[in-house]
Asker: 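Sharing a structure below in structure tokens format, with a few things to ask.
The basis for the numbers below is simple: all heavy atoms, side chains too, and nothing from hydrogens, waters or symmetry mates.
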Amino acid sequence: MTTSLLTPRRGAALGLLAIIPAFAYAFGRPSLAGYVAAVNIVIIFASLYVAMRPVDGDHHGAEDSSHEST
């Protein structure tokens, strides 16, 4: 697999695999720490997923003739 197949959004989704050990810890312990960790993983994934979406109308770095200096 080449890195061109792994987009940032897919990489963020791959991070959801971290929820597996969090749930294993949550089911093995009587405390809420595992469930809190699982919620944190979901929040981090959602934040990265939104942050990595393409921006519509982004012309950053494009040549603009109105700002040309002579």
Asker: So if you build clusters from Ile, Leu, Val, Met, Phe, Trp, Tyr with side-chain heavy-atom gaps below 4.5 Å, do Met52 and Leu17 land together?
Answerer: no

Asker: Contact between Tyr25 and Tyr35 at the side-chain level, heavy atoms closer than 4.5 Å - yes or no?
Answerer: no

Asker: Taking only residues two or more places apart in sequence, or in another chain, which ones meet Tyr49 in a ring-ring contact (aromatic ring centres under 6.0 Å, His included)?
Answerer: Phe45

Asker: Let me check something: do Ile19 and Phe27 share a hydrophobic cluster, defined by ILVMFWY side-chain heavy atoms less than 4.5 Å apart, either directly or through other members?
Answerer: yes

Asker: Holding to side chain to side chain contact (heavy atoms under 4.5 Å, CB included), I want the full list of residues that pass it with Ala37, two or more places apart in sequence or in another chain.
Answerer: Ala22

Asker: Roughly how far, to the nearest 0.5 Å, is the CD1 atom of Ile43 from the CG atom of Leu48?
Answerer: 12.0 Å

